[in-house]
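Structure first, then comments.
Position 1 is the first residue of the sequence, and the numbers go up from there.
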Amino acid sequence: MRGGAPVLLWRAALLAALLCGVGLLPWLSHTDPALTVLRARSAERAPTPEVLDAIRAGLGLDAGPVRLLGDWLGGLLHGDAGRSWISGAEVTPAVLQALGTSLLLMGAALAVAAVTASAVCARTLWLGAAGRLDERRSAGTGSAVLATLPDFLTASVLASVVGVQLGWLPALGWYGPRWMLLPALSLGLPAGALLGRMLDDLLPGAFAEPWALAAAARGTHGRSVARRALRRCVPGLLPNVGLFVVGLTGGAVAVEQVFDIPGLGRLSLQAAVAQDLPVLQAGTLALVVLAAAVGGLARLTARLLTGPALRDGALPSLHRPAPSRRTTAPLLYGGPLLAVIVSGLARDPLALDTTARLRSPSRAHPFGTDALGRDVLARVGHGALDTLAPAAAVSAAALVLGVLLGLLPRLSGPLVDTVNAVPPVLAALLVTAVAGGGPATPALAVTAVAWTPLAAHTSALLRQERATAHLAATRGLGAGPLRLLRDELLPAVLPPVLRHALLRLPGVALSLAALGFLGLGAQPPSPEWGLLLAENQPYAERAPWASLAPAAALALLGAVAVTAGGGVRWPRAPRMRRRRA
């Protein structure tokens with residue numbers, strides 16, 4: 001409570017800065033809002049000075065951006081979010097209706113994610129309940145493949161195969177529960193795979209805690225021990241669950257576009273492109289309020305699940321320093337990926353052959369051809385550098401930012417909630433408006449939002465690790481803050497966060513590619529993998545190989561990252577090794 005007022009002021013300052021940035025977006029990007037509004041209203045009408053002056057007068061643009069922002073905030077205090085610059089309709093009913101649709105879709109997606117996460121960690125729970133965790137092999141390959149599935153590709157495949165070809169479920173519209181299943185699967189499968197992998201990473205530590213060993217020795221039923229182990233691990237994941245809730249509400253733009261769902265993400269995209277500032281500001285405000293509410297609820301639930309042990313410093317540590325485990329799994333998945341890249345580098349990725357459009361895989365074209373007759377294998381091979389190098393750089397920067405800010409939870413908590421509430425399209429537009437266009441703009445835009453889940457993960461683990469009994473004992477023996485950070489906190493927090501960052505590496509690559517639609521990222525004829533997915537997505541029904549090849553490459557990349565990260569451990573200090581010997 002003593003630190004509540006500064007945090008509240010910091011959150012209010014962030015909200016004000018975000019709303020001001022959105023309100024000043026046309027002027028920051030050096031575009032004429034009157035011209036953008038005219039194009040959105042009527043593309044055929046000539047932008048004469050008289051027409052533009054009439055639009056400026058009607059919208060009050062002559063008063064300047066500061067006056068417009070002040071009038072909008074003043075109306076907001078009376079419950080009036082203004083009228084749309086494009087349609088002239090009231091903003092509040094449209095935003096609330098879109099928010100309700102997105103919340104329904106988010107709830108269904110979270111249900112799918114919960115089932116998926118349960119399936120991912122079911123074997124570890126069963127082995128832990130039976131006291132046979134030594135039989136547990138390195139996990140995460142299957143979940144890595146699921147987590148790397150791009151939502152727009154999954155949505156397109158489900159819509160074309162399940163909805164159109166098989167006719168099992170409706171593929172377009174939003175008219176009832178049956179229309180909710182396919183988009184919920186598209187959003188929930190990757191999210192559940194990622195959360196399940198993170199939970200599976202924590203469970204072995206919970207089963208190795210003294211209370212679990214004592215319960216097993218006393219003859220407590222394995223199911224009861226498994227339930228308590230699950231409860232022990234969930235608080236460390238709740239902040240990331242909160243981030244997924246907000247992300248699935250406002251960030252499901254591609255899925256809402258594919259399935260024609262009138263949600264808040266799609267509404268924000270249309271408002272951002274048309275620079276319909278009242279709609280964009282109201283939608284952003286709704287997402288920020290939702291993020292603050294969900295973040296506070298997640299933190300409160302984590303405290304309730306942990307109980308008085310968090311206050312009394314009586315928690316055991318879930319993460320103990322351990323030597324790295326050698327595994328050949330990264331070579332098993334990295335070998336085929338390297339072979340594909342090397343084979344593709346020997347071919348021409350830009351050679352056109354219009355007589356060989358959408359050819360199926362053959363000896364001449366092992367991965368087939370695309371809509372322009374270009375060899376897909378060549379484009380996958382040559383696109384590896386354009387995909388892997390920026391994704392690795394952004395992931396490294398996001399990891400450093402996430403850990404540093406996660407070590408300062410009072411500073412990073414409100415910042416995480418605010419940044420995560422910004423739709424990806426709006427984040428890219430804001431970064432472009434401030435930094436300008438250029439080759440570094442996509443990396444800056446993705447880095448601006450990619451650090452948030454890592455910071456939330458770091459803060460959650462740090463909060464629990466600070467409440468451990470061994471940390472209190474070490475502090476009582478005279479250890480200072482720097483020594484506690486170096487020898488106790490970082491060894492417990494960094495390995496799981498690093499494995500989390502590796503799991504998100506393919507998703508970062510796809511986020512960089514998605515900016516190509518805004519003219520900020522890779523542009524044709526670049527063979528970047530995400531752009532290959534976007535280019536070949538309309539032909540997924542006629543030529544699935546053109547989309548499956550880059551998707552398989554991203555899946556192999558995810559498998560390599562996760563299996564390599566499974567052996568990440570904090571090395572024991574020489575003094576600890578000598579003491580143990």
Side-chain angles (χ1 to χ4, degrees), residues 145 148-150 152-157 160-161 254 258 333-394 437-443 446 505-560:
V145 174
T148 55
L149 290 175
F152 65 85
L153 178 62
T154 308
S156 300
V157 172
S160 61
V161 176
V258 171
Y333 298 108
L337 180 61
L338 182 61
V340 168
I341 293 174
V342 172
S343 301
L345 289 175
R347 298 167 176 260
D348 186 0
L350 302 178
L352 300 177
D353 186 2
T354 55
T355 62
R357 297 176 63 252
L358 301 177
R359 291 281 179 87
S360 59
S362 61
R363 181 175 297 181
H365 303 286
F367 287 178
T369 61
D370 63 7
L372 297 178
R374 296 173 296 191
D375 186 78
V376 175
L377 175 59
R379 295 184 64 73
V380 170
H382 284 266
L385 183 61
D386 295 338
T387 303
L388 300 182
V394 170
T441 299
V446 175
L505 177 61
V508 169
L510 283 172
S511 298
L512 288 169
L515 296 183
F517 293 107
L518 300 176
L520 307 175
Q523 294 295 307
S526 171
E528 197 268 340
W529 289 352
L531 189 58
L532 293 184
L533 283 171
E535 289 177 346
N536 296 311
Q537 179 264 332
Y539 309 98
E541 184 177 349
R542 295 174 52 195
W545 52 84
S547 297
L548 289 177
L554 282 168
L556 285 175
L557 173 63
V560 172

Pairing residues for Leu338 by the side-chain contact (heavy atoms from CB on, under 4.5 Å) criterion, not counting sequence neighbours: Val342
Going by heavy atoms in the side chains, are Pro390 and Glu528 under 4.5 Å from each other? no
Do side-chain atoms of Arg379 reach the backbone of Ser526 as a donor and acceptor pair under 3.5 angstrom? yes
Quick one: are Asp353 and Thr369 in side-chain contact, heavy atoms under 4.5 Å? no
Sequence neighbours left out, what passes side-chain contact (heavy atoms from CB on, under 4.5 Å) with Ala371? Give chain and number order. Arg357, Leu358, Tyr539
List the atom of Pro361, the atom of Pro366, and the distance in Å for their closest heavy-atom pair. CB-O, 3.1 Å
Please tell me if the side chains of Leu548 and Phe367 come closer than 4.5 Å, counting only heavy atoms from C-beta onward. no
Rounded to the nearest 0.5 Å, how far apart are CG of Asp375 and CG of Leu350? 11.5 Å
Considering residues at least two apart in sequence or located in another chain, which fulfil the salt bridge (Lys or Arg N to Asp or Glu O under 4.0 Å) criterion with Arg359? none
Minimal non-hydrogen separation, Ala391 against Val508, with atom names: O-CG1, 3.9 Å
In terms of heavy-atom contacts, Val380 and Ala553 come closest through CG1-CB, 4.3 Å
Can you tell if the side chain of His382 reaches within under 4.5 Å of the side chain of Leu345, non-hydrogen atoms only? yes
All heavy atoms of Pro550 vs all of Leu532, minimum pair found to be CG-CB, 4.0 Å
Closest heavy-atom pair and its distance - Asp386, Pro527: OD2-CD, 3.9 Å
CG (Leu557) and CG (Leu388) are apart, to the nearest 0.5 Å, by 5.5 Å
Hey, mind stepping through Trp545 and Asn536 against side-chain contact (heavy atoms from CB on, under 4.5 Å) and telling me if it holds? CA-CA 9 Å; Trp545 52 84; Asn536 296 311; over 6 Å; no
